[in-house]
Amino acid sequence: MPRPILATIHADALRHNYHVLKAGAAGSRAFAVVKANAYGHGLLNVAAAISDADGFGTVEFASALRLRDAGYHQPILLLEGVFDADELHGAAAHDFWLAVHDEASLARLEAQRLAAPVQVFLKLNTGMNRLGFPAEQAPALVARLQGNPNVAGITLMAHFATADEPAKGIQAQMTCFNAACAGLQLPVTLANSAATLAYPHTHQDWVRPGIALYGSSPFGLARTAQSLDLQAAMTLESKIIGVQELQAGDAVGYGATFVAERSMRIGTVACGYADGYPRHAPTGTPVVVAGQRSRLIGRVSMDMLAVDITDLPQAGVDSPVELWGRQLSIDEVAAAAGTIGYELMCAVAPRVPMQVADGMLARS
Ligand SMILES: *Cc1c(COP(=O)(O)O)cnc(C)c1O
């Protein structure tokens with residue numbers, strides 16, 4: 001038997017989540033955001049599961065190419081645009097749509113005639129202060145793009161900084177966007193997962209959900225994935241490969257940070273930070289052992305971690321351990337570890353074998 005760690009990708013959950021998002025944004029089309037190897041789920045695993053998606057959004061040019069090469073003909077939006085002239089020519093050749101966010105990316109589009117015109121997503125900064133032109137420049141930029149024979153069409157694009165935080169909201173960014181773009185009769189895309197779920201007036205022409213597609217809530221535990229009718233798209237599991245009986249005063253793991261206060265049984269699980277499990281997850285982080293909730297004990301090592309099986313007498317070597325997934329929300333693990341579901345799913349390491357639940361076997 002190989003090392004027992006395994007990530008299972010639930011194609012049915014991906015389809016379910018995509019359709020939940022679409023049903024909530026009726027009238028809008030959706031880019032399924034599949035950057036970062038589909039948030040760690042495997043680009044082609046996810047594309048196959050939601051092959052009817054209206055479009056895909058990604059950041060890496062190579063992943064856009066992989067989607068085209070695999071036969072996906074729908075729109076593919078490069079969310080950060082292209083990074084050089086070669087990519088620009090490639091985008092024109094493969095009909096990738098591209099964000100244009102600064103003078104350099106606009107000048108590149110004006111430098112020479114492309115083999116085919118491209119769809120441009122004019123990225124406006126409405127307060128996130130990450131990428132984008134100052135929003136008030138939108139009318140002048142649109143006029144400039146409309147005179148460019150390389151431009152097949154223009155969509156206005158912005159991104160919210162606090163759509164996931166109800167106390168902060170999105171009002172200032174919406175006001176900025178609306179003031180700048182009032183007279184422009186153009187398609188619009190604004191909404192990430194949080195805005196798609198929380199603010200219907202942001203849906204416009206295209207929504208751009210990422211995290212919710214994978215069954216993690218953009219609101220963390222404040223609005224759980226379950227309450228949003230989202231299903232976990234990944235289960236990360238392993239097994240207990242060793243058992244230790246502790247007496248009061250015995251320590252566990254590197255740094256001896258956990259010391260037993262009574263006699264305990266500890267299971268050693270074949271999963272560590274080199275598999276993508278967060279090293280900073282503290283004692284008490286939830287795990288599911290043989291279907292029962294338990295807790296992490298002591299420091300996470302590179303290849304192993306320890307779980308408390310004192311109150312699980314039926315648990316022992318070979319017992320299954322779910323690190324996150326269908327029985328234990330990734331958002332609970334993330335909250336315990338002081339991070340977000342995004343970071344955990346993106347960090348699942350290449351050495352972890354991945355299978356798709358409906359039988360296809362792929363690692364992409
Ligand atoms: C990653 C990304 C998204 C998706 O965000 P989620 O919070 O995962 O839904 C949407 N738009 C842009 C520009 C992005 O970079």
Side-chain angles (χ1 to χ4, degrees), residues 13-14 17-18 20-22 24-25 28-41 43 46 50 53-61 63-64 75-83 96-102 105 119-133 135 155-166 168-170 173 177 187-200 202-220 222-223 225 228 230 232-234 330-331 334 339-347:
L14 288 160
N17 296 338
Y18 179 77
V20 165
L21 290 158
K22 280 285 288 179
S28 302
R29 289 191 283 172
F31 290 112
V33 177
V34 293
K35 61 191 177 189
N37 197 28
Y39 291 47
H41 293 66
L43 177 69
V46 171
I50 51 167
D54 299 323
F56 295 104
T58 188
V59 160
E60 309 86 5
F61 189 88
S63 67
I76 299 175
L77 173 61
L78 293 168
L79 297 161
E80 292 179 353
V82 292
F83 292 90
F96 299 154
W97 298 5
L98 50 128
V100 170
H101 65 86
D102 68 352
S105 50
Q119 287 287 341
V120 168
F121 280 60
L122 181 62
K123 180 130 190 200
L124 302 171
N125 176 21
T126 59
M128 175 89 172
N129 289 309
R130 195 171 58 172
L131 291 183
F133 294 96
T155 300
L156 303 171
M157 177 178 181
H159 194 69
F160 295 119
T162 54
D164 54 335
E165 292 185 57
K168 294 181 181 164
I170 57 166
Q173 284 192 265
F177 182 85
V188 171
T189 178
L190 303 173
N192 57 2
S193 294
T196 302
L197 292 163
Y199 300 109
T202 66
H203 291 168
Q204 308 274 347
D205 297 272
W206 285 89
V207 294
R208 308 189 306 266
I211 193 73
L213 202 53
Y214 304 101
S216 166
S217 170
F219 314 104
R223 275 179 84 183
L228 296 164
L230 301 172
M234 177 196 294
I330 195 169
D331 296 327
T339 185
I340 52 179
Y342 297 76
E343 189 180 19
L344 299 188
M345 56 178 70
C346 290

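The shown structure was predicted, so the numbers you read here are calculated from the model rather than taken from an experiment. Numbering of ligands and ligand atoms starts at 1, following listing order.
Looking at Arg130 next to ligand 1, no N or O pair under 3.5 Å apart turns up. An N or O contact shorter than 3.5 Å is missing between Pro209 and ligand 1 by distance.
The shortest contact between atom 8 (O) of ligand 1 and any protein heavy atom is with Tyr39 OH, 2.5 Å. Atom 9 (O) of ligand 1 has Ser193 OG, 2.5 Å as its closest protein atom, hydrogens excluded (heavy atom only). Protein heavy atom nearest atom 10 (C) of ligand 1, with residue, atom name and distance: Arg208 O, 3.3 Å.
Tyr342 counts as a contact of ligand 1, since one of its heavy atoms falls under 4.0 Å from the ligand.
Residues satisfying the ring pair (Phe, Tyr, Trp, His ring centres under 6.0 Å) criterion with Phe160, sequence neighbours excluded, are absent altogether. Scanning for side-chain contact (heavy atoms from CB on, under 4.5 Å) contacts around His101 gives Ser105, Lys123, Leu131, with sequence neighbours left out.
Between the Asp54 side chain and the Arg29 main chain, no donor and acceptor come within less than 3.5 Å of each other. Panel note: side chain Glu80, backbone Ala99; no donor-acceptor pair is recorded below 3.5 Å.
Note: Trp206 and Phe31 have parallel aromatic rings, judged against thresholds of 30 and 60 degrees for the angle between ring planes.
Counting the atoms of ligand 1 from 1 in the order shown, those under 4.0 Å from a heavy atom of Ile211 are 6 (P), 8 (O), 9 (O).
Smallest separation of non-hydrogen atoms from Asp331 and Ser216: OD1-OG, 2.6 Å.
Taking only non-hydrogen atoms, the option from His159, Met128, Lys123, Lys35 nearest to atom 1 (C) of ligand 1 is Lys35.
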